[in-house]
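Below: the structure, in structure tokens.
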Amino acid sequence: MPNCLDYARFLSRAAARRQPSAIREATQLFARSPPSTISFASGSPNASLFPFKEATITLKDDTTIQLDSSAMAKALQYLPTPGQADLLEWLRKLQIRYHSPIDFKRYELCVTNGSMEGLSKVFELLLNTTEPILVDSPCYSGSLDFLRGFGANIISVNTDSNGMNAEYLNNILSNWSDSNTLPRVLYTIPNGSNPTGASMSHERKKDIYNIAQKYNLLIIEDDPYYFLQFKKPDPSFLSMDTDGRVIRLDSMSKVLSAGMRLGFLTAPIPLWQKLVYHQQVTSMHASSLSQMVALKLLEKWGLSGFHQHTEQISKFYENQKVLMVNAIKKHLNGI
Ligand code: PLP
């Protein structure tokens, strides 16, 4: 029987207050209704009035993906906040393929406008201003900039070539002066850390996870470089999450396109629900057009085609690394 966390303890005051948006819930209902349904509720414009009819996109291998008029109509319309249903289904399969989460029924997915949007919402879900968050040191500047502006108390945890240093983390927590203000959240980039490039070993992840259990921390796993690793990455925090204490953020930016702004988060359902409420009243949902283009591509490729594509990408960057290391050895030798 998996552990069950008291998620209310992790919510920020703003997140605890968030309630469903009636208009966005109506969109969700409408999406599940028969095509003959006419909704007067959600302010959906008539898609037949949009100037775009259909599109053919040519891929690098000269094959094409087609957005016929029905796909285009969907790609131009509001979507339920978590995302396009077929794309979500596809992404669920992707998570199972790469992470085989222990009890995937406990998690839901939400497509975001890049993982940065997801991250900012996750930070706001879990933190009130001045509250502490444990982060890798050094850490991705985009997240630090958000957290500084937000007013979080950023607690830097030293890293080494295996990522966040577990001993250092344990020291910080065991020496914390006031047990009432102990951090509840740990943020880490486990693979190809930005900026160090370090990746966490399985052993290290187990150590960090054990500490998270001991101090009842949630782990934010920000993993945009997962598919770029030169060797198969060690199991993710999501894959070892027995307690439902991991929120994972994935990104399509380094794999399909940075400009499409497509990311997706995987979170235990009670946390996911509050994230969706937030998304309902901010971006409403990630771009329908980007989601439809990605879906058509992924349906054409299947999981194996996607995997092959990511292997080509990691090979490319590995070659770039070799070139760079050789150039450094040649031109910066002795400096
Ligand atoms: N997290 C890390 C560690 C990153 O390096 C980046 C971008 O480079 C992001 C998140 C944001 O990615 P996205 O383009 O999906 O918003």
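As the structure lists them, so they are numbered: ligands from 1, and atoms in each ligand from 1.
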- Item | side-chain hydrogen bond (donor to acceptor under 3.5 Å, both in side chains) partners of residues 159-169, not counting sequence neighbours, each pair once | D160-R204

- Item | All side chain to side chain donor-acceptor pair (under 3.5 Å) counterparts of E203, not counting sequence neighbours | K206

- Query: With under 30° as parallel and over 60° as perpendicular, where do the rings of F227 and F306 fit, or are they tilted in between?
  - Reply: perpendicular

- Just do the side chain to side chain contact (heavy atoms under 4.5 Å, CB included) check on I133 and N153 with the steps written out, would you? CA-CA 6 Å; I133 177 166; N153 178 12; over 6 Å; no

- Query: In chain order, what residues pass the side chain to side chain donor-acceptor pair (under 3.5 Å) check against S199, with sequence neighbours excluded?
  - Reply: Q229

- With the threshold set at 4.0 Å, does a side-chain nitrogen-carboxylate oxygen contact exist between D223 and R248? yes

Pick out the protein N or O atoms lying less than 3.5 Å from any N or O of ligand 1, and list each pair with its distance.
residue: ligand 1; atom: 1 (N); partner: D222; partner atom: OD1; Å: 3.3
residue: ligand 1; atom: 1 (N); partner: D222; partner atom: OD2; Å: 2.7
residue: ligand 1; atom: 5 (O); partner: N194; partner atom: ND2; Å: 2.9
residue: ligand 1; atom: 5 (O); partner: Y225; partner atom: OH; Å: 2.6
residue: ligand 1; atom: 8 (O); partner: Y225; partner atom: OH; Å: 3.2
residue: ligand 1; atom: 8 (O); partner: K254; partner atom: NZ; Å: 2.7
residue: ligand 1; atom: 12 (O); partner: S115; partner atom: OG; Å: 3.2
residue: ligand 1; atom: 14 (O); partner: S253; partner atom: OG; Å: 2.6
residue: ligand 1; atom: 14 (O); partner: R261; partner atom: NH1; Å: 2.9
residue: ligand 1; atom: 15 (O); partner: S115; partner atom: N; Å: 2.7
residue: ligand 1; atom: 15 (O); partner: S115; partner atom: OG; Å: 3.0
residue: ligand 1; atom: 15 (O); partner: S251; partner atom: OG; Å: 2.6
residue: ligand 1; atom: 15 (O); partner: S253; partner atom: OG; Å: 3.2
residue: ligand 1; atom: 16 (O); partner: S115; partner atom: N; Å: 3.1
residue: ligand 1; atom: 16 (O); partner: M116; partner atom: N; Å: 2.9
residue: ligand 1; atom: 16 (O); partner: R261; partner atom: NH2; Å: 2.8

